[in-house]
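Okay, structure first, notes after.
What you are looking at is a predicted structure, and each value in this text was computed from that prediction instead of being measured.
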Amino acid sequence: MTEPRQRGRSCPCPGVRTWVPILRWLPRYSLAWLQLDVVAGLTVGLTVVPQALAYAEVAGLPVQYGLYSSFMGCFVYCFLGTAKDVTLGPTAIMSLLVSSYAFHEPVYAVLLAFLSGCIQLAMGLLHLGFLLDFISSPVIKGFTSAASITISFNQVKNILGLQGIPRQFFLQVYETLRRIGETSALTQLLVLSFFHLSWKLEGRNALVVLFAGLVAYSFQVMGSQPLTLTGSIPQGLPAFQLPRFSMDAPNGTVPFRSMVEDMGVGLAVVPLMGLLETIAIAKAFASRNDYRIDPNQELLAMGFANILGSFVSSYPITGSFGRTAVNAQSGVCTPAGGLVTGALVLLSLAYLTSLFYYIPKAALAAVIISAVVPMFDAGIFRTLWRVKRLDLVPLCVTFLLCFWEVQYGIVAGVLVSGILLFYSIARPPIKVSEGDVLLVQPGSSLHFPAIEWLRDTVCSHALAAASPPRSIILDCRHISSIDYTVVLGLAELLQELRKHGLSLTFCCLQDPVLKVLLSADLEGFQHFPSWEETERCGGAEPRGCGADPFASTSESSLLPTRLIQ
């Protein structure tokens with residue numbers, strides 16, 4: 001069977017089909033696709049139910065909120081998503097963020113989902129998906145690796161049955177190690193068996209939870225219970241209603257404005273990280289399975305999923321790598337598989353919540369740890385050391401600060417990456433060849449932070465030399481754009497050199513740059529299209545513009561060269 005290939009906005013469809021991708025593949029839907037979608041949907045559903053219960057624990061919310069967050073995204077993405085494999089729902093990363101910004105309060109968590117959805121929807125309508133490109137891979141790797149450790153260790157208290165463990169990571173480590181002796185040998189043996197099953201049956205979380213539940217029920221029948229159980233879960237579907245924009249507190253009502261102020265930077269971090277996770281997953285599976293996605297349409301799908309999800313008490317959701325992998329391996333053909341997954345979650349809420357009472361929290365902890373441990377990428381440190389060591393700086397900053405607070409790690413990593421990016425713009429490599437003619441060759445485009453660097457480089461070689469050059473040539477073959485500040489700086493450089501009896505000639509200008517310089521009407525501006533023309537008119541050594549002296553270490557001329565970085 002041939003899988004349906006979905007296309008992004010690169011192949012626009014008129015009218016409503018542009019905004020509702022289901023209309024692109026639904027007319028071609030077949031019975032063969034339905035069979036595979038149903039199988040995939042059921043398989044993912046059996047995975048999402050135990051994971052949803054576990055991730056609610058990570059978020060610091062009652063476990064039913066994990067189920068409340070697991071079905072609306074499936075339904076919305078079927079209509080609006082552009083990747084056939086992606087499934088939306090609660091994830092370990094998003095649950096960790098919710099724990100940080102919702103303060104273990106369901107009202108905050110649901111409102112955070114609503115506001116995040118509004119932000120994502122606005123970004124999609126404004127086509128702002130490109131903003132995600134400013135979060136570098138080292139920052140993402142540092143965050144996910146740190147999250148893998150913090151989420152895993154956060155589950156140790158559930159494994160050992162400890163109460164009153166602080167949320168802050170370092171205090172959590174200290175308090176857990178101090179009280180580790182409180183756990184009985186029988187409990188430790190049972191937990192080890194759950195972990196063994198979890199690793200052996202990776203991707204079959206339902207079997208792990210079922211076995212653990214049977215063990216716990218057996219102890220209950222015998223009149224003893226060494227395990228901490230999930231406990232009672234409210235049965236039935238959540239009410240469809242607006243999220244609450246205020247919250248009752250012991251000392252009064254917390255208004256909407258105060259709730260927004262409490263969430264603070266989380267209103268930027270949560271929607272951006274949710275989008276980043278979803279789009280990264282969608283791109284990975286789209287490339288693997290030969291179809292394309294539309295990032296801006298994915299923004300719309302995420303936005304609507306979180307907004308509508310907040311109406312059924314969902315906390316923020318995003319794409320799940322593990323469940324998406326299960327979906328793809330099960331042979332899903334279209335996003336319709338999500339309808340089956342969502343229906344299975346609703347069925348569980350309506351009829352099966354009483355059975356969840358006997359699920360040990362240790363079993364849910366084993367499910368979480370087995371899911372997040374692969375997120376830790378030890379190899380990235382070795383790779384960056386070998387490829388580009390400077391990228392280790394944002395990686396390590398993000399990784400270390402995320403153990404303090406997640407938001408500090410992410411924001412600091414983005415800032416460090418930005419500083420490194422701006423430094424490379426402000427200090428582009430400049431190759432200088434000295435002699436009778438001073439040849440200056442910038443290695444990249446010139447933007448306003450770089451013009452003083454260029455002027456200082458030219459003046460330091462032209463004016464401080466024992467035998468000043470006859471003329472100076474600025475080879476612009478690598479400059480594809482300049483701005484107004486650069487134009488002003490070049491005008492000042494022309495005047496300064498002219499005071500010392502030196503001329504500045506431009507060579508190999510690209511058309512956009514030449515157009516800007518001609519429009520500026522610089523006094524004394526002269527340019528030549530090639531080295532041959534420059535040599536005939538100015539006496540420079542001939543060197544064809546087709547060659548790239550910046551990329552070559554061997555020079556045909558006898559002029560000494562220096563690379564300024």
Begin from the C-alpha positions of Leu275 and Gln120 and carry the test side-chain contact (heavy atoms from CB on, under 4.5 Å) through to its verdict.
CA-CA 8 Å; Leu275 290 171; Gln120 291 165 340; 3.8 Å; yes
Does Asp37 use its side chain to pair, donor to acceptor, with the backbone of Thr334 at less than 3.5 Å?
yes
Starting at CG of Leu88, measure out to CZ of Phe71 and round the result to the nearest 0.5 Å.
13.5 Å
Between the side chain of Ser258 and the main-chain N/O of Val254, is any donor-acceptor distance below 3.5 Å?
no
For Arg386 and Thr383: C-alpha separation, side-chain torsions, deciding distance, then whether side-chain contact (heavy atoms from CB on, under 4.5 Å) applies.
CA-CA 5 Å; Arg386 185 177 67 253; Thr383 300; 4.1 Å; yes
Least distance between heavy atoms, Cys402 atom then Ile410 atom
SG-N, 4.3 Å
Heavy-atom side-chain proximity of Leu349 to Gln235 below 4.5 angstrom:
no
Does some side-chain heavy atom of Lys141 sit less than 4.5 Å from a side-chain heavy atom of Leu395?
yes
Could you tell me whether the side chains of Glu298 and Thr82 share a donor-acceptor contact shorter than 3.5 Å?
yes
What's the verdict on side-chain contact (heavy atoms from CB on, under 4.5 Å) for Tyr108 and Val98, showing C-alpha distance, side-chain angles and the deciding distance?
CA-CA 9 Å; Tyr108 271 90; Val98 170; over 6 Å; no
Roughly how far, to the nearest 0.5 Å, is the CD1 atom of Ile140 from the CG atom of Asp377?
12.0 Å
Closest approach of Val44 and Arg323, non-hydrogen atoms and distance?
CG2-O, 3.9 Å
Would you check if there is a donor-acceptor pair between the side chains of Tyr315 and Asn306 at a distance under 3.5 Å?
no
Considering all heavy atoms of both residues, which atom of Pro394 and which atom of Gly413 are nearest to each other, and what is their separation?
CB-O, 4.0 Å
Hey, does the side chain of Asn327 reach the backbone of Asp85 with a donor-acceptor pair shorter than 3.5 angstrom?
yes
Would the distance check show the side chain of Ser424 and the main-chain N or O of Leu421 forming a donor-acceptor pair, the cut-off being under 3.5 Å?
yes
Report yes or no: do Thr91 and Thr318 form a side-chain donor-acceptor pair below 3.5 Å?
no
State the OG-CD1 distance between Ser137 and Ile380, to the nearest 0.5 angstrom.
5.5 Å
Ser224 side chain to Gln220 backbone, donor-acceptor under 3.5 Å:
no
Can you confirm if the NZ or CZ of Arg389 lies within 45° of the ring axis of Trp385 and under 6.0 Å from the centre of its six-membered ring?
yes
Side chain of Ser348, backbone of Leu344: donor and acceptor closer than 3.5 Å?
yes
Measure the CG-OG distance between Leu115 and Ser310 for me, rounded to the nearest 0.5 Å.
8.5 Å
Examine the side chains of Thr230 and Tyr358 and answer whether a donor and an acceptor come within less than 3.5 Å of each other.
no
Looking at Pro428, is its backbone amide N or carbonyl O close enough to the side chain of Trp453 to form a donor-acceptor pair, meaning the two atoms are under 3.5 Å apart?
yes
Exercise: identify the closest heavy-atom pair between Gly124 and Leu299
CA-CB, 3.6 Å
Hey, could you give me the CD/CE distance between Glu277 and Met273, rounded to the nearest 0.5 Å?
7.0 Å
Using every non-hydrogen atom in the two residues, find where Ser116 and Pro271 come nearest and quote the distance to one decimal.
OG-CD, 3.7 Å
Quick check: do Gln51 and Pro90 have side-chain heavy atoms less than 4.5 Å from each other?
no
Heavy atoms from other residues, nucleotides or ligands near CZ of Phe245 exceed 12 (cutoff 6.0 Å)
yes
If I compare all heavy atoms of Thr278 with all of Gly319, which pair ends up nearest, and what's the gap?
OG1-N, 2.8 Å
Could you check whether any side-chain heavy atom of Ile307 comes within less than 4.5 Å of a side-chain heavy atom of Cys118, counting everything from C-beta outward?
yes
4.5 Å side-chain heavy-atom contact, Phe169 and Trp404
no
For the residue pair Phe304 and Tyr77, is the inter-centroid distance of their aromatic rings smaller than 6.0 Å?
no
Take Phe75 and Leu308, measure what side-chain contact (heavy atoms from CB on, under 4.5 Å) needs, and give me the verdict at the end.
CA-CA 10 Å; Phe75 297 143; Leu308 293 178; over 6 Å; no
Would you confirm whether the ring centroid of Phe143 sits within less than 6.0 angstrom of the ring centroid of Phe399?
no
Report yes if the side chains of Leu420 and Tyr423 come closer than 4.5 Å at any heavy-atom pair, otherwise no.
no
List the steps and the verdict of ring pair (Phe, Tyr, Trp, His ring centres under 6.0 Å) for Tyr357 and Tyr217.
CA-CA 9 Å; Tyr357 178 92; Tyr217 180 75; 9.9 Å; no
Does the side chain of Val48 come within less than 4.5 Å of Thr87's, by heavy atoms?
no
Distance col, row Ser69:OG vs Ile317:CD1, nearest 0.5 angstrom, shows 7.5 Å
Atom CZ of Phe153 with >12 non-hydrogen neighbours under 6.0 angstrom:
yes
Side chain Ser148, main chain Thr144, donor-acceptor under 3.5 Å
no
May I ask you to test the Met72-Ser314 pair for a side-chain heavy-atom distance under 4.5 Å?
no
Qualifying side chain to side chain donor-acceptor pair (under 3.5 Å) pairs, either residue in residues 58-68, two or more places apart:
none
